[in-house]
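These notes are about the structure you will find just below.
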Number of protein chains: 2
Amino acid sequence: MFEVFFSQVKDKVLISEQEQNLVKTFFSPKKIRKKQYLLQEGDVCKHLAFVEKGLLRSYSVDERGTEHMIHFAWEGWWMADILSFLSAEPSTYFIDAIEESELLLISFQGFEEMLLKVPVMERYFRILFQNNIISKERRLIQSLAYSAEEKYLHLLANNPKLVQKIPQNLIASYLGITPETLSRIKRKIKQ
Amino acid sequence: MFEVFFSQVKDKVLISEQEQNLVKTFFSPKKIRKKQYLLQEGDVCKHLAFVEKGLLRSYSVDERGTEHMIHFAWEGWWMADILSFLSAEPSTYFIDAIEESELLLISFQGFEEMLLKVPVMERYFRILFQNNIISKERRLIQSLAYSAEEKYLHLLANNPKLVQKIPQNLIASYLGITPETLSRIKRKIKQ
DNA sequence: CTTTTTTATTGATATAGGTCAATGCTATTT
DNA sequence: AAATAGCATTGACCTATATCAATAAAAAAG
């Protein structure tokens, strides 16, 4: 159950067997079906979810009813509404499963306790958050600086796995363009 | 010199006098003139900068020569290219001073050493990074979901200090719109 | 204080990408 | 395997915002 999890953690920090056993006690496994919600707008995000298997997405829905993809998470990635999780405020996001998934959940209390009892995990999350900042910053710059076509080409070049795994309409939303525009870009590129 | 700094730190974590004195040893003060660069594209970002006084900006310049504002930092805020700082890769950003500023600089080595020797600072930065993720995520969603006018109204509502302090052309760039468009939006709002 | 440089405003025009609607595909579901 | 629902593609048209250009206003420099 924790194979993917600890291989991820070990990529970033050194962690002993003892620490690993302690860390395990803070998590509980959960299976979630395709299209099932893990979080709905208005609810407080009670857990951080680590994806052992499957595929999740988070998104917000604006006043016009349009969805905006925030994040995709497959094997080895985390998913949550961090703002809601940390502040206990109601979320403005939805999280659901694109594919049937197996998750490891940790509550806010568990998270805080784990970080205090296992300092190496404080370090792990600091590093994780660092990396997250970097990728968000990149995405932001791309959304400001590039045309729809350039954004798609960047994604193809830098995140081919995402393009393979994720349905086109969700990729369009992730890039901040319409599915029609993405379809036209793809046609144009082929020639 | 460290007044603003420790008042910021104390907002987020509990820190003893002893720890404060140790932390101080890792920083060196620096004054920087208006329009002076702290970082230029191609250089490695050698320091995290804490702004005790003044105003900095970071931005990237695309192939067309257009600037894209990434971040503004005034009293109590941090500034760096985190990616370059952490990875020691050449930066793709510029950082310069909008106003004459007083900074506290910490090197990468100093940073790593400080986090190991003063664990409460590891915690401080984890919290700082969390908050950064949240604000980047918000900005990203706004850039995807909202029109130019909506983005400006959001900024006015949620970040009035930024609108007051920062010249209009830089605000336009921060919002991903042209100065002309921002000017027209302002005229429209006035009526 | 005057000159020079930088920034903001305004107008005219162009365009990338959105919206709406129809049709054809691809997956689920029964 | 047939039926149904959800996606992708394509075309016609529209709109928000960019671009270019010319002043006007404000700020910095001498």
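Hydrogens, waters and symmetry mates are skipped; everything else that's a heavy atom, side chains included, is used. Convention: sequence-line order gives letters A, B, ...; per-chain numbering from 1. These numbers come from a predicted model, not from an experiment.
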Protein-to-nucleotide contact annotation, 5' to 3' order, nucleotides 18-28 of chain C [B base; S sugar-phosphate only; - none; under 4.0 Å, heavy atom]: SBB-------S
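The aromatic rings of Phe125(A) and Phe129(A) lie tilted to each other, with the angle between the two planes from 30° to 60°.
Side-chain atoms of Leu39(B) and Phe85(B), non-hydrogen and from C-beta on, never get closer than 4.5 Å to each other. The shortest distance between side-chain heavy atoms of Leu116(B) and Arg123(A) falls below 4.5 Å.
Atom CD in Glu149(A) sits roughly 12 Å away from atom C1' in dG17(C) (whole-Å rounding).
A salt bridge links Asp96(A) with Arg57(A): the distance from a Lys NZ or Arg NE/NH1/NH2 to an Asp or Glu carboxylate oxygen falls below 4.0 Å. A salt bridge links Lys31(B) with Glu102(B); the closest basic N to acidic carboxylate O contact falls under 4.0 Å.
Shortest non-hydrogen contact noted between Ser147(B) and Glu150(B) is N-OE1, 2.8 Å. Of all the heavy atoms in Pro29(A) and Leu104(A), the pair that sits closest is CA-CD2, 4.2 Å.
Between chain A and DNA chain D, the heavy-atom contact criterion of under 4.0 Å yields a 5' to 3' nucleotide range of dA8(D) to dA12(D).
End-to-end axis angle of the helix from dC1(C)-dG30(D) to dT30(C)-dA1(D), from C1' rotation axes over five pairs per end: 60° (rounded to 10 degrees).
Between Phe72(B) and Tyr174(B), the ring center distance clears the sub-6.0 Å criterion.
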For a quick test of your reading: what N or O donor-acceptor pairs under 3.5 Å do the side chains of residues 40-47 of chain B make, sequence neighbours left out?
none

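Thr66(A) places no side-chain N or O within donor-acceptor distance of the main-chain N or O of Asp62(A), the cut-off being under 3.5 Å. Side chain of Ser173(A) to backbone of Glu67(A): a donor-acceptor contact under 3.5 angstrom is found.
Cation-pi geometry between Lys24(B) and Phe2(B) is met: under 6.0 angstrom from the ring centre, within 45 degrees of the axis.
For the pair Tyr146(A) and Lys35(B), both in contact range of DNA chain C, the more 5′-proximal nearest nucleotide belongs to Lys35(B). Residue order along DNA chain D, read from the 5' end via each residue's closest nucleotide, puts Ser183(A) first among Ile185(B) and Ser183(A).
For residues 129-146 of chain A, the pairs satisfying salt bridge (Lys or Arg N to Asp or Glu O under 4.0 Å) are Lys136(A)-Glu137(B), Glu137(A)-Lys136(B), with sequence neighbours left out.
Within residues 153-171 of chain B, no residue has any heavy atom under 4.0 Å from DNA chain D.
For Lys186(B), a side-chain nitrogen or oxygen approaches OP1 or OP2 of dT9(C) to under 4.0 Å.
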